[in-house]
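Owing to the predicted nature of the structure, the values given are computational and were not obtained by experimental measurement. Start at 1 and go down the list; that is how both ligands and their atoms are numbered. Keep in mind that the numbers below use all heavy atoms, side chains included, and drop hydrogens, waters and symmetry copies.
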Amino acid sequence: MNDLINIAIDGPAGAGKSTIAKLIAKRLGIIYIDTGAMYRAVAFKCLNRNVSLDARDAILHLLRNTDIRIQFEYNEQKLFLDGENISDNIRSDDVSNAASCIAKLPEVRNKLVDIQRDIAGERSVVMDGRDIGTYVLPNADVKIFLTASINERAKRRHREYVALNSKKTLEDVIEEIKRRDYNDSTRQFAPLKIAEDAVLVDSSGKDIDQVVEEILGIIDNRLSID
Ligand code: DC
């Protein structure tokens, strides 16, 4: 018997999972694990090595020779790929799209899921991703499915692009989000879907603080019942 707390937050791209999950972890005084960063790290290595995203065997070969580790600095996740901290190099569009492709491969998922389960077995975590409540941590104490309308998600992403001087239009971003949603929810192995025992939270029209308070309320409720 242990007294670790595992909180799963799943949902589609752009629903605000990482911002919200980070704040919730801080409020609870536990660590936040961004599992998407691990898929991004594998994708980043494929892109750097010019491994085609269709070349399954080459990706699996590369995967066998890849070391992915997570460390924490001041409770913040740092991702090490083959010993190098690449946390700040994996947020580009190219990496986002490539991550969505390589995340379809069961072998990639298995390797990363093992790391995720190991961490959650040792520490209390708020873990965000696509399959945390359904597959990675089926016994999580609390499962949240955080979503928002496509338009709202696209508007948020578009604002980020504008801040980076990107010329992308809102329509481009809507198409990009639809494509990633499609990839993430139609893959055969561990697709994005709401776990039966998850609580659905829609962040459309709400600010960050409202969503954080709503989820903290759900967590409080669930933990006091058990
Ligand atoms: O959350 P994100 O945008 O950083 O995730 C990058 C990609 O990785 C996304 O397209 C879906 C995939 N992913 C996944 O399949 N399972 C997870 N637990 C986390 C991310």
Do R117 side-chain atoms and V136 backbone N/O form a donor-acceptor pair below 3.5 Å? yes
Determine whether a donor-acceptor pair (N or O, by modelled atom type, separation under 3.5 Å) exists between the side chain of D10 and the backbone of I132.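 Checking the backbone N and O of I132 against the side chain of D10, a donor-acceptor pair under 3.5 Å is found.
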Dump the pairs for me: ligand 1 N or O, protein N or O, distance under 3.5 Å, to 0.1 Å.
from, atom 1, to, atom 2, distance (Å)
ligand 1, 1 (O), R130, NH1, 2.9
ligand 1, 1 (O), R130, NH2, 3.4
ligand 1, 3 (O), R40, NH2, 3.0
ligand 1, 3 (O), R180, NH2, 2.6
ligand 1, 4 (O), R40, NE, 2.7
ligand 1, 4 (O), R40, NH2, 3.4
ligand 1, 10 (O), D184, OD1, 3.2
ligand 1, 10 (O), D184, OD2, 3.4
ligand 1, 15 (O), R109, NH1, 2.8
ligand 1, 15 (O), R109, NH2, 3.3
ligand 1, 15 (O), R187, NH1, 2.9
ligand 1, 15 (O), R187, NH2, 3.1
ligand 1, 16 (N), R109, NH2, 2.9
ligand 1, 18 (N), T35, OG1, 3.0
ligand 1, 18 (N), R130, N, 3.2
ligand 1, 18 (N), D131, OD1, 2.8

Listed partners of A195 passing side-chain contact (heavy atoms from CB on, under 4.5 Å), at least two apart: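 In terms of side-chain contact (heavy atoms from CB on, under 4.5 Å), with neighbours along the sequence ignored, A195 is linked to T134, K143, D197, A198.
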Quick check on salt bridge (charged side-chain N to carboxylate O under 4.0 Å, His left out): which of R109, K193, R187 does D131 satisfy it with?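 Testing D131 for a salt bridge (charged side-chain N to carboxylate O under 4.0 Å, His left out) against R109, K193, R187 leaves exactly one candidate, R109.
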How is the hydrophobic cluster of L192 composed, in terms of its other members, when Ile, Leu, Val, Met, Phe, Trp and Tyr link through side-chain heavy atoms under 4.5 Å apart, directly or indirectly? F145, I194, L200
Compile the donor-acceptor pairs under 3.5 Å between side chains in residues 148-155 and protein atoms, sequence neighbours left out, one pair per line.
from, atom 1, to, atom 2, distance (Å)
S149, OG, E152, N, 3.1
E152, OE1, G205, N, 3.3
E152, OE2, R156, NH2, 3.1
E152, OE2, G205, N, 3.3
R153, NE, A148, O, 3.1
R153, NH1, A13, O, 2.7
R153, NH1, D181, OD1, 3.2
R153, NH1, D181, OD2, 3.4
R153, NH2, D181, OD2, 2.7

